[in-house]
Structure formats: C-alpha cells, structure tokens
Amino acid sequence: MQKLNFPTYSFRFKNSENKISIFDEIRKKFVILQPEEWVRQHCVHYLMTEKKYPKSLINVEKELIINDLKKRYDIVVFNPDGSIHLIVECKSAKININQDTFDQIARYNLSVNATFLMVTNGINHYYCQMDFENEAYSFLKDIPNYN
C-alpha cells in the first residue's frame, strides 16, 4: 500500500482467499484492505494516537439517511454527551480532493451537525470548523486535540 502523509502506525493484517484484510480497532474485526480503508485506518490511529480521542467516542462506517437516501460516513467522533464533534470523509490517495468532496461532507453534516469536518485522501488533509449561525465553515490548520 501507498505511503501516506500520517505518522507510521503498526497494523494487524491477515491474508484469506488471496485477499488482504486489516484489523479495525473500532469495529473489532478484520476488513478487506482497499485504498480508502488504508486511509481510514491511518486516520483512526491518528485521531487516537496524536489527537488523543478516546476509542470509545469513535465510530466508523455507519449508515445515515440524507434526503431519504442511505449514505455511509467514514468516521465520526462523538462528544461525551452524544452529539457529534467531528465527521471525517476519507478518500483513496488516488482521488483528488475538490469542491465536490467538501459538498459531500457538508451534505452529510446537515444531518449530524458536527462541529468539525475533516477531509483526507491520506496525502492531503483539510480541516474545517462549522459556523452554524452563518451557515458557513472556516478552514483550520488542524483539528483540536481531545480535552
């Protein structure tokens, strides 16, 4: 797999029927290692290791309904009160992040109301903080550490 713009983490892998799987600490199971999954797993480890978000507040690959359509978010981090602190959209390293990517996460955020947004393809990471009052977001250099 491609080297990503994250610190180096150690992962558990297994090979079954010529398919490589990576262990997901959040879902507590092995999942097929696709390029987007490689980015997602690095991002999860980044949030837990560098940003100190508790594993218990992180959720991965769950369904949400937007305009009667079923969508799946990549990663969310909850606040202790159950509201959503951060939503992350992961793309394969081969995918360029553009306005469409931001529009996608902004649409997702209409239903989850996360304070922070992160979009990454593993190479480039973009962070935003929502301004719900003005229905806008501002870009940040990084997302805050868990406090």
Side-chain angles (χ1 to χ4, degrees), residues 1-64 66 69-79 83-132 134-147:
M1 279 289 175
Q2 182 174 347
K3 172 90 175 95
L4 301 177
N5 189 13
F6 281 107
T8 303
Y9 301 110
S10 94
F11 296 103
R12 289 172 44 204
F13 299 96
K14 81 174 182 184
N15 192 340
S16 175
E17 298 171 17
N18 290 328
K19 289 193 170 115
I20 296 174
S21 295
I22 187 168
F23 188 76
D24 183 321
E25 297 279 335
I26 304 303
R27 292 178 273 184
K28 296 182 175 36
K29 66 179 186 177
F30 282 93
V31 292
I32 303 276
L33 183 56
Q34 303 284 351
E36 184 179 307
E37 191 63 45
W38 183 237
V39 173
R40 182 170 26 250
Q41 291 305 316
H42 275 80
C43 190
V44 164
H45 281 261
Y46 171 77
L47 293 171
M48 291 188 307
T49 307
E50 315 315 319
K51 295 296 173 182
K52 307 298 183 211
Y53 287 99
K55 187 190 317 189
S56 62
L57 295 179
I58 299 174
N59 203 306
V60 174
E61 276 270 294
K62 286 285 195 290
E63 192 174 87
L64 56 117
I66 299 169
L69 298 172
K70 290 181 181 181
K71 302 289 184 183
R72 292 182 85 73
Y73 59 71
D74 287 310
I75 304 168
V76 296
V77 178
F78 291 94
N79 290 307
S83 62
I84 295 182
H85 178 73
L86 167 71
I87 184 168
V88 182
E89 179 61 28
C90 300
K91 298 292 185 191
S92 158
K94 293 181 176 72
I95 304 287
N96 286 326
I97 295 174
N98 57 26
Q99 189 62 48
D100 290 342
T101 316
F102 280 98
D103 292 346
Q104 177 184 3
I105 197 169
R107 276 192 307 276
Y108 287 7
N109 202 39
L110 289 173
S111 68
V112 299
N113 293 322
T115 307
F116 296 95
L117 311 178
M118 176 179 175
V119 178
T120 181
N121 62 4
I123 307 300
N124 299 301
H125 318 297
Y126 299 94
Y127 313 97
C128 303
Q129 182 169 5
M130 293 304 299
D131 175 356
F132 293 107
N134 296 308
E135 296 183 351
Y137 52 81
S138 54
F139 284 91
L140 305 171
K141 284 190 180 3
D142 201 350
I143 52 171
N145 290 342
Y146 184 77
N147 47 11

Centroid-centroid under 6.0 Å between Trp38 and Phe11 rings:
yes

For a 4.5 angstrom cut-off between non-hydrogen side-chain atoms, does Lys52 reach Asn145?
no

Centroid-to-centroid, Tyr108 to Tyr73, below 6.0 Å?
no

If you measure from OH on Tyr146 to CG on Leu47, what distance do you get to the nearest 0.5 Å?
13.0 Å

Above 12 or not: heavy atoms from other molecules or residues under 6.0 Å from NZ of Lys51?
yes

Tyr53/Val44 under side-chain contact (heavy atoms from CB on, under 4.5 Å): CA gap, chis, key distance, verdict:
CA-CA 9 Å; Tyr53 287 99; Val44 164; over 6 Å; no

What residues form a side-chain hydrogen bond (donor to acceptor under 3.5 Å, both in side chains) with Asp100, not counting sequence neighbours?
none

Neighbour count >12 (heavy atoms, 6.0 Å) for atom NZ, Lys3
yes

Kindly assign one of parallel, tilted or perpendicular to the pair Tyr126 and Phe139, based on the angle between their ring planes and the thresholds 30° and 60°.
perpendicular

Here the pair of heavy atoms bringing Tyr46 nearest to Pro7 is CD1-CD, 4.3 Å

Minimal heavy-atom distance between Cys90 and Asp74, with the atoms involved, is N-OD2, 2.7 Å

Would you mind writing out the side-chain donor-acceptor pairs for residues 112-120 within the sub-3.5 Å range, not counting sequence neighbours?
{"residue": "Thr120", "atom": "OG1", "partner": "Gly122", "partner atom": "N", "Å": "2.8"}
{"residue": "Thr120", "atom": "OG1", "partner": "Asn124", "partner atom": "O", "Å": "3.4"}
{"residue": "Thr120", "atom": "OG1", "partner": "His125", "partner atom": "ND1", "Å": "2.6"}

Grab the two heavy atoms, one from Arg12 and one from Phe30, that are nearest each other, plus how far apart they are.
O-CE2, 3.6 Å

When rounded to the nearest 0.5 angstrom, what distance separates CD in Gln34 from CE in Met1?
7.0 Å

Check Ile123 against Ala93 and note the closest heavy-atom contact, atom names and distance.
CG1-CB, 4.1 Å

Nearest 0.5 Å, what's the CD1-CG distance between Ile75 and Leu86?
8.0 Å

Nearest heavy-atom contact between His45 and Ser10 is CE1-O, 4.2 Å

What distance separates Tyr137 OH from Ile105 CD1, expressed to the nearest 0.5 Å?
9.5 Å

Which value, rounded to the nearest 0.5 Å, describes the distance between Cys43 atom SG and Glu36 atom CD?
11.0 Å

If you round to the nearest 0.5 Å, how far is NZ of Lys91 from CZ of Arg40?
10.5 Å

What donor-acceptor contacts under 3.5 angstrom involve side-chain atoms of residues 17-28, with partners at least two apart or in another chain?
{"residue": "Asp24", "atom": "OD1", "partner": "Ile26", "partner atom": "N", "Å": "2.7"}
{"residue": "Asp24", "atom": "OD1", "partner": "Arg27", "partner atom": "N", "Å": "2.9"}
{"residue": "Asp24", "atom": "OD2", "partner": "Arg27", "partner atom": "NE", "Å": "2.6"}
{"residue": "Asp24", "atom": "OD2", "partner": "Arg27", "partner atom": "NH2", "Å": "2.8"}
{"residue": "Asp24", "atom": "OD2", "partner": "Gln41", "partner atom": "NE2", "Å": "3.0"}
{"residue": "Glu25", "atom": "OE1", "partner": "Lys55", "partner atom": "NZ", "Å": "3.4"}
{"residue": "Arg27", "atom": "NH2", "partner": "Glu37", "partner atom": "OE1", "Å": "3.3"}
{"residue": "Arg27", "atom": "NH2", "partner": "Glu37", "partner atom": "OE2", "Å": "2.9"}

